[in-house]
Engineer: 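Structure below; questions to follow.
Because the structure is a prediction, the values reported are computed rather than measured. Below, all heavy atoms of this structure are taken into account, side chains as well, without hydrogens, waters or symmetry copies.
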Amino acid sequence: MKKEPVKGLKPLEGAVEGKVVMRFAPNPNGPATLGSSRGMVVNSEYVKMYKGKFILRFDDTDPDKKRPMLEAYDWYLDDFKWLGVEPDRVVYASDRFPIYYDYARKLIEMGKAYVCFCEGGDFKKFKDSKQPCPHRDQTPEVNLEYWEKMLAGGYEDQQAVLRIKTDIEHKDPAMRDWGAFRIRKMSHPRAEIGDKYIVWPLLDFAGAIEDHELGMTHIIRGKDLMDSEKRQGYIYGYLGWEYPKTLHWGRVKIHEFGKFSTSTLRKDIEAGIYSGWDDPRLPTIRAIRRRGIRAEALRKFMVEMGIGTTDVSISMESLYAENRKIVDPEANRYFFVRDPVELEIDGVEPTVAKPPLHPTDSERGAREIKVENKVLLAGDDVEKMEIGSMLRLKDLYNVEITSLEPLQGKFAGESLEALKKAKGRIIHWAPVDGIPVKVRSPDGDLEGIGECGIAKELDKIVQFERFGFCRIDAVSEEEVVAYFSHK
RNA sequence: GCUCCGGUAGUGUAGUCCGGCCAAUCAUUCCGGCCUUUCGAGCCGAAGACUCGGGUUCGAAUCCCGGCCGGAGCACCA
């Protein structure tokens, strides 16, 4: 039996329209990256497809190694808004410790969890040799006592941990009696939480409880969490719950960006190496937003990538191609010359050039650029010139180069045919009284001069002809700052 | 060490569960050509892949076994 090729995301197994509940559960220890956007887009897309509920859950239960960043909570909300996704519910795991503690107590009472005092290495030895550790057989009563003492601060950091009892002889060592809570006498960055807790749930525990509590029907997550289902399955079994349907995807690498870790990035930002989390050199959502990548392009890109457990190594080119399709028809055209060189032209009368704002949409009208007898050319173009070179200043007139230093030329008519005959290039230019433009790009910052009209395009995407698409980020009397999108 | 996944063109994907319609889809990339007062867009054309070896079968990208390669888990990180 053959199926029709499915456009977009494949149907979700067992999904019923109106009943699907899915979540995206980041640790807000840094802003969303292109990698995280996969989860943001795909989960929300499925929910939309099935008219279900979408939950944003902040898994912010580590005050230490992956300590949440206070601003990042809002950044996530903001990025979702940008993506056009309104979560039906936003949950903070750090608000829900009482729930986790209740279930912990319940499991202890059932004899399915115990307080373990082994040092890390010791437990590993027992576990690796399929031996129960000395604490495994404590009675529920004793465990409860220890647990209360843990919560009351009776033990120091690392001294005790609550484990879920699974099967100490399980053939897969990853399944054997895994840790559910640990002690860390640290405050939580959220003011509401602060010093309230010293016993923190670990991912597999908190996640297991939450996914059930929040009524999740389907979970899509990284394949690094593939074992979670089997581990958490013990809890679901003990409590008689049904596990959601799961799907996994592999790692996403991006050619253009090297390896980034949130912690080193943070240091680099603090050290001023990057201007912030939205520095155009970074693979964060905030950065690509600022660069003028459209949410729709990102969504399409992620949806087309789909869900596969294979690790993928993607190129920004595909995302750019997607974005270009959206942005090209909208973007007004302007001249921007990088590393400008002044060209003086003999034999011309002052005039006004009127290049169209858009090459295929004449209704948009034209820019007006006054020209006396001097213009600015891009340094790159000038380097290729020789004396006698024929060239055309786009939407102006032809010039023949008569001197290189200083750069001078003479008027050479307005005929395009003549230019073609002479095999001249058409190049862009800028008026000598143009506005300084700073372009911030993934490859670093560039300086140049652009038409004054650019200043009217704040927050818009424009195309600098023969240069690329940019988002106009800031405009002041003396300067325009543009963020480079792509060619 | 133990345990789990996965491997389709440069890249990403469809097809794999339920073998034949797959001499393998789509997108991007690359290469030609057309068009264009942008090296953008558009149009036309072309190139490019089933990890390897066995097995089952009339027939295998699809099922089975093994190798190779890649990834992941076994943490008081998420």
Side-chain angles (χ1 to χ4, degrees), chain A residues 1-7 10 13 25-29 58-62 64-68 93 116 118-121 123-124 127-128 130 157-163 170-176 178-184 199-204 206-207 221-228 230-231 248 250-252 255 262 300-301 303-315 317-322 324-325 327-329 331 333 335 355-356 358-360 380-381 392-398 414 416 419-420 425-428 463-469 486-487:
Chain A
M1 164 181 168
K2 224 54 183 177
K3 281 176 222 151
E4 290 297 304
V6 188
K7 265 277 182 195
K10 279 178 266 189
E13 193 194 332
N27 177 351
N29 62 335
F58 290 112
D59 276 351
D60 56 349
T61 55
D62 178 11
D64 184 13
K65 287 185 182 158
K66 291 198 174 164
R67 187 175 176 80
C116 171
C118 291
E119 293 197 10
F123 180 78
K124 186 170 165 54
K127 185 205 65 182
D128 284 347
K130 302 186 177 178
D157 281 15
Q158 320 253 344
Q159 210 185 329
V161 50
L162 186 78
R163 287 188 190 288
H170 197 290
K171 64 172 181 169
D172 182 352
M175 293 304 130
R176 299 171 198 157
W178 46 272
F181 287 86
R182 44 90 181 242
I183 302 169
R184 190 98 331 153
V199 175
W200 307 83
L202 291 160
L203 173 78
D204 273 322
R221 59 184 160 205
K223 68 175 181 182
D224 49 322
L225 265 31
M226 247 175 188
D227 287 341
S228 282
K230 283 183 278 174
R231 272 200 283 258
H248 300 94
R251 286 186 77 86
V252 178
H255 295 319
T262 312
K300 201 164 172 211
F301 179 68
V303 164
E304 270 167 17
M305 192 154 74
I307 302 166
T309 47
T310 326
D311 292 341
V312 294
S313 187
I314 54 171
S315 163
E317 282 306 323
S318 305
L319 176 60
Y320 294 158
E322 221 48 84
R324 191 151 39 225
K325 283 178 200 159
V327 138
D328 182 77
R333 269 54 173 176
F335 292 148
H358 194 277
T360 54
D380 278 0
D381 287 329
R392 182 180 189 85
L393 303 178
K394 187 168 185 286
D395 302 301
L396 193 56
Y397 42 60
N398 302 338
E414 305 203 11
L416 266 181
L419 178 84
K420 277 178 188 157
R425 311 263 320 150
I426 296 166
I427 62 170
H428 66 292
Q463 188 201 45
F464 291 157
E465 299 198 42
R466 297 179 66 236
F467 179 80
F469 293 91
H486 44 73
K487 280 291 237 188

Engineer: Please classify the nucleic acid contact of A:Tyr320 as base, sugar-phosphate, or nothing, using heavy-atom distances under 4.0 Å.
Structural biologist: nothing

Engineer: Over how many whole Å does the gap from A:His428 atom NE2 to B:U38 atom P extend?
Structural biologist: 13 Å

Engineer: Given B:A27, is OP1 or OP2 found less than 4.0 Å from the side-chain N or O atoms of A:Lys300?
Structural biologist: no

Engineer: Rounded to whole angstrom units, what separation is found between the CG atom of A:Asp328 and the P atom of B:C43?
Structural biologist: 12 Å

Engineer: With a 3.5 angstrom cut-off on both distances, give the Watson-Crick or G-U wobble partner of B:A72, or none if there isn't one.
Structural biologist: B:U3

Engineer: Can you tell me how far P in B:U36 sits from the matching atom in B:U11, rounded to whole Å?
Structural biologist: 37 Å

Engineer: Taking for each residue the nucleotide of RNA chain B bearing the nearest heavy atom, is the 5' side occupied by A:His170 or by A:Lys487?
Structural biologist: A:His170

Engineer: Whole angstroms only, please: what is the CZ-C1' distance between A:Arg333 and B:U38?
Structural biologist: 8 Å

Engineer: With no hydrogens and no angle check, is any side-chain donor or acceptor of A:Arg182 less than 3.5 Å from a backbone partner on A:Ala180?
Structural biologist: no

Engineer: When you compare B:C64 with B:A78, how far apart are their P atoms, in angstrom units rounded to a whole number?
Structural biologist: 37 Å

Engineer: For the C1' atoms, the ones on B:C65 and on B:C2, what distance do you get once it is rounded to whole angstrom?
Structural biologist: 22 Å

Engineer: What integer number of Å spans the C1' atoms of B:G70 and B:C18?
Structural biologist: 29 Å

Engineer: Out of curiosity, A:Lys124 NZ to A:Glu119 CD, how far, rounded to the nearest 0.5 Å?
Structural biologist: 15.5 Å

Engineer: So what does A:Pro359 touch, heavy atoms closer than 4.0 Å: a base, only the sugar-phosphate, or nothing?
Structural biologist: base

Engineer: For the pair made of CD in A:Glu322 and P in B:G12, what is the distance, rounded to whole Å?
Structural biologist: 16 Å

Engineer: Rounded to the nearest 0.5 Å, what's the gap from CG on A:Leu319 to CD1 on A:Ile314? Could you check?
Structural biologist: 8.0 Å

Engineer: Spell out protein contact along nucleotides 29-36 of chain B as letters: B when the base is contacted, S when just the sugar-phosphate is, - when no protein heavy atom is under 4.0 Å; keep the 5' to 3' order.
Structural biologist: S-------

Engineer: Using heavy-atom distances to pick each residue's nearest nucleotide on RNA chain B, tell me which of A:His358 and A:Lys325 is more 5'.
Structural biologist: A:Lys325

Engineer: Within the 4.0 Å heavy-atom criterion, would you say A:Asp381 contacts the bases, only the backbone, or no part of the nucleic acid?
Structural biologist: base

Engineer: A:Arg176 side chain to A:Lys127 main-chain N or O, any donor-acceptor pair under 3.5 Å?
Structural biologist: yes

Engineer: Is the phosphate of B:G15 approached by A:Lys10 (side-chain N or O, under 4.0 Å from OP1 or OP2)?
Structural biologist: yes

Engineer: In whole Å, measure the gap between the P atoms of B:U38 and B:G45 for me.
Structural biologist: 24 Å

Engineer: Do any N or O atoms from the side chain of A:Lys66 and from the backbone of A:Asn29 form a donor-acceptor pair under 3.5 angstrom?
Structural biologist: no

Engineer: Starting at atom NE2 of A:His486, determine the distance to atom C1' of B:G40, rounded to an integer number of angstrom.
Structural biologist: 11 Å

Engineer: So which nucleotide from B:C4, B:U37, B:U28 ends up closest to the side chain of A:Lys394?
Structural biologist: B:U37

Engineer: Nucleotide by nucleotide, 5' to 3', does protein get under 4.0 Å of the base (B), only the sugar-phosphate (S), or neither (-) in nucleotides 72-78 of chain B, counting heavy atoms?
Structural biologist: SBBBBBB

Engineer: For nucleotides B:C76 and B:G66, find the distance between their P atoms and express it as a whole number of Å.
Structural biologist: 33 Å

Engineer: Any Lys/Arg nitrogen of A:Arg231 or A:Asp172 sitting under 4.0 Å from an Asp/Glu carboxylate oxygen of the other?
Structural biologist: no

Engineer: Between B:G12 atom C1' and A:Phe301 atom CZ, what is the distance in whole Å?
Structural biologist: 7 Å

Engineer: When the C1' atoms of B:C74 and B:G48 are compared, how many Å lie between them, rounded to an integer?
Structural biologist: 42 Å

Engineer: Please determine, for B:C58, whether a Watson-Crick or G-U wobble partner exists with both distances under 3.5 Å, and give it or none.
Structural biologist: B:G20

Engineer: Are the side chain of A:Arg392 and the backbone of A:Glu414 linked by a donor-acceptor contact shorter than 3.5 Å?
Structural biologist: yes

Engineer: For the CG atom of A:Asp204 and the CG atom of A:Asp227, what is their distance to the nearest 0.5 Å?
Structural biologist: 9.0 Å

Engineer: In the strands shown, is B:C26 matched to any nucleotide by a Watson-Crick or G-U wobble pair with both distances under 3.5 Å, and which?
Structural biologist: B:G12

Engineer: In whole angstrom, give the distance that lies between atom CD of A:Gln463 and atom P of B:U38.
Structural biologist: 10 Å

Engineer: State plainly whether the residues A:Asp224 and A:Arg251 are in salt-bridge range, i.e. N to O under 4.0 Å.
Structural biologist: no

Engineer: Hey, what do you get for CD1 (A:Ile426) to NE2 (A:His428), rounding to the nearest 0.5 Å?
Structural biologist: 13.0 Å

Engineer: Please report the distance separating the C1' of B:C69 from the corresponding atom of B:U8, rounded so that it comes out in whole Å.
Structural biologist: 16 Å

Engineer: Specify the separation, in whole Å, of atom CD of A:Glu304 and atom P of B:U11.
Structural biologist: 18 Å

Engineer: Quick one: does A:Asp381's side chain have a donor or acceptor within less than 3.5 Å of a partner on A:Ile427's backbone?
Structural biologist: no

